[in-house]
Amino acid sequence: MSAPSRFDRGHTDDLMSFLAASPTPYHAVANAAERLDKAGFRQVAETDAWDGTSGGKYVLRGGAIVAWYVPEGAEPHTPFRVVGAHTDSPNLRVKPRPDSGAHGWRQVAVEIYGGPLLNSWLDRDLGLAGRLTLRDGSTRLVNVDRPLLRVPQLAIHLDRSVNSDGLKLDKQRHLQPVWGMGDDVRDGDLIAFLEETAGIPAGEVSGWDLMVHSVEPPAYLGRDKELVAGPRMDNLLSVHAGTAALAAVAANGGAGLSSIPVLAAFDHEENGSQSDTGADGPLLGSVLERSVFARGGSYEDRARAFAGTVCLSSDTGHAVHPNYAERHDPTHHPRVDGGPILKVNVNNRYATDGSGRAVFAAACEKADVPFQSFVSNNSMPCGTTIGPITAARHGIRTVDIGVAILSMHSARELCGAKDPFLLANALVAFLDA
């Protein structure tokens, strides 16, 4: 299979804009929803009664979004085609009592979220973003997208062995960023600053979900700009591709669809998916069931629909690293811009089996997109995704795929400039069935 003859750099340009505008899961789902609104979708509230009308709809819950398009004439037992992804990335998150400091430095107390490459957060200009909850229960997004914080590394003069023995970071003592000077650290200073920044009356914020992010924008890299460096590719690259694919399939009014295309982008994948907005929660199953019942379906129709449903769990994977090739399987070396990867693990860390491979291969052939296979080196533990969770929780056939990148879980990751476009094309072909 050969790649599409025309590489659309506009898709990758839009991905870079999406990454820059989505420093948190809450911003990511808001930006995905905005794109779907422009494509004619409408938001529905979980607390409202749903109708069985055709067209595009979506549900927002915290840092998660589930969107679907019901074509005209869809039966209650019509199966679904789901693109699954996650909105969260490893980072540093603000603690309940954020204001701290010592020795003339004002600092922000943070907790480690997920499994970040800790060294990638050192000596980097950091912003602060997230969700503020007000006394009346409403929420506001905030994004201080300028150099506000920094985690300073210890000078080599005070750690002469760092280059020979390796950098050793204590998660509690060494990762607390500075954001100013002074000995008069007062509880409430950080939140008061954010209230002022967001135009919220003083004292109105009663809860927060805040995290730091690199303010360096995504950029093309390399002699011919054939690479893209940027934050949160794991896994906003897949969220962006899935959103674009769903909008593209809906653009023709769902003509010819024999299934219902769905995008499910979950939060909390990086710490196990066990939350009301995670893949191990009830959100996806609830949305799919309610869609069946809203169209007059019974439990039998629900069972039939789920039995015919297929999910592509799209998440980034590992491109072969030129400096550490021995860490990869010797016969499976995915390359950047070689097309999306099919992830396989016989111990079910990925959900792909032979029948799932056939589904993905058919989609790639239809889109004229090449694909590659990924397996872990037998001597190293294999990561996992929302794929096995989705398959087990909902009893639906699931296939793990993604885009090969370098520097996974770094504050700044690296991918090929063509791969996001190739992935989106494959997802369109998969959903348009």
Side-chain angles (χ1 to χ4, degrees), residues 46 50-59 64 66-85 242 245-246 249-250 254-266 273 278-315 342-366 384-401 426-433:
E46 292 184 83
W50 291 4
D51 59 49
T53 57
S54 60
K57 305 169 187 178
Y58 65 87
V59 166
V66 180
W68 65 103
Y69 187 89
V70 180
E72 288 281 355
E75 299 285 349
H77 60 267
T78 299
F80 301 91
R81 286 226 159 186
V82 183
V83 171
L246 182 59
V249 171
L257 290 179
S258 60
S259 59
I260 296 172
V262 180
L263 168 68
F266 303 100
S273 295
D280 203 18
L283 181 58
L284 177 61
S286 173
V287 168
L288 300 187
E289 286 180 346
R290 292 184 68 177
S291 176
V292 170
F293 299 151
R295 285 176 280 120
S298 63
Y299 182 82
E300 181 72 11
D301 292 313
R302 180 262 188 213
R304 293 174 66 189
F306 276 46
T309 293
V310 185
C311 173
L312 289 189
S313 164
S314 181
D315 202 346
L342 179 75
K343 302 179 181 181
V344 178
N345 180 264
V346 295
N347 294 302
N348 286 337
R349 300 294 285 173
Y350 302 130
T352 307
D353 62 10
S355 64
R357 183 189 191 280
V359 170
F360 184 58
C364 288
E365 183 176 10
K366 178 180 177 181
T384 191
T385 68
I386 65 168
I389 294 171
T390 303
R393 181 169 184 83
H394 305 295
I396 59 180
R397 182 167 44 161
T398 303
V399 189
D400 272 297
I401 66 162
L427 295 184
V428 169
F430 168 72
L431 292 178
D432 190 17

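Treat the numbers as computed from the prediction; the structure is a model and nothing was measured.
- Smallest separation of non-hydrogen atoms from A363 and A429: O-CB, 3.3 Å.
- Atom-to-atom distance recorded for E300:CD and H77:NE2 is 10.5 Å, nearest 0.5 angstrom.
- In this structure, P71 and G254 approach most closely via the heavy-atom pair CB-O, 3.8 Å.
- In this structure, the separation between CG on L283 and CD on E46 is 6.0 Å, given to the nearest 0.5 Å.
- Atom CD1 in I260 sits 8.5 Å away from atom CG in L288 (nearest 0.5 Å).
- In this structure, CD in E289 is found 5.0 Å from CZ in F306, a value given to the nearest 0.5 Å.
- Between V249 and P261, the shortest heavy-atom contact is CG1-CG, 4.1 Å.
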Please tabulate, one pair per line, all N/O donor-acceptor pairs under 3.5 Å involving side-chain atoms of residues 386-396, not counting sequence neighbours.
| unit_1 | atom_1 | unit_2 | atom_2 | d |
| --- | --- | --- | --- | --- |
| T390 | OG1 | I386 | O | 2.8 |
| R393 | NE | G281 | O | 2.7 |
| R393 | NH1 | D280 | O | 3.3 |

Self-check item: Evaluation steps, side-chain contact (heavy atoms from CB on, under 4.5 Å), between L284 and F266
Solution: CA-CA 9 Å; L284 177 61; F266 303 100; 3.8 Å; yes
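- Atom CG of D301 and atom CZ of R295 lie 9.0 Å apart (nearest 0.5 Å).
- A donor-acceptor contact closer than 3.5 angstrom is absent between the side chains of T385 and D315.
- Counting all heavy atoms, side chain and backbone alike, T78 lies closest to A74 at OG1-C, 3.7 Å.
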Self-check item: side-chain contact (heavy atoms from CB on, under 4.5 Å) between V359 and F430, worked out
Solution: CA-CA 8 Å; V359 170; F430 168 72; 4.0 Å; yes
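- The backbone N or O of V287 sits nowhere less than 3.5 Å from a side-chain atom of S291 that would complete a donor-acceptor pair.
- Nearest heavy atom pair, residue S259 against residue A433, reads OG-O, 2.9 Å.
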Exercise. Tell me, with the steps shown, if V344 and R357 meet side-chain contact (heavy atoms from CB on, under 4.5 Å).
Key: CA-CA 9 Å; V344 178; R357 183 189 191 280; over 6 Å; no
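- Here the shortest heavy-atom pairing between F360 and V399 reads CB-CG1, 4.4 Å.
- Among the candidates I401, D400, V82, the single residue satisfying the side-chain contact (heavy atoms from CB on, under 4.5 Å) test with L312 is I401.
- Annotation: the span from L246 atom CG to R81 atom CZ amounts to 14.0 Å, rounded to 0.5 Å.
- In this structure, V70 and T53 have side chains that are not in contact, with every pair of non-hydrogen atoms separated by 4.5 Å or more.
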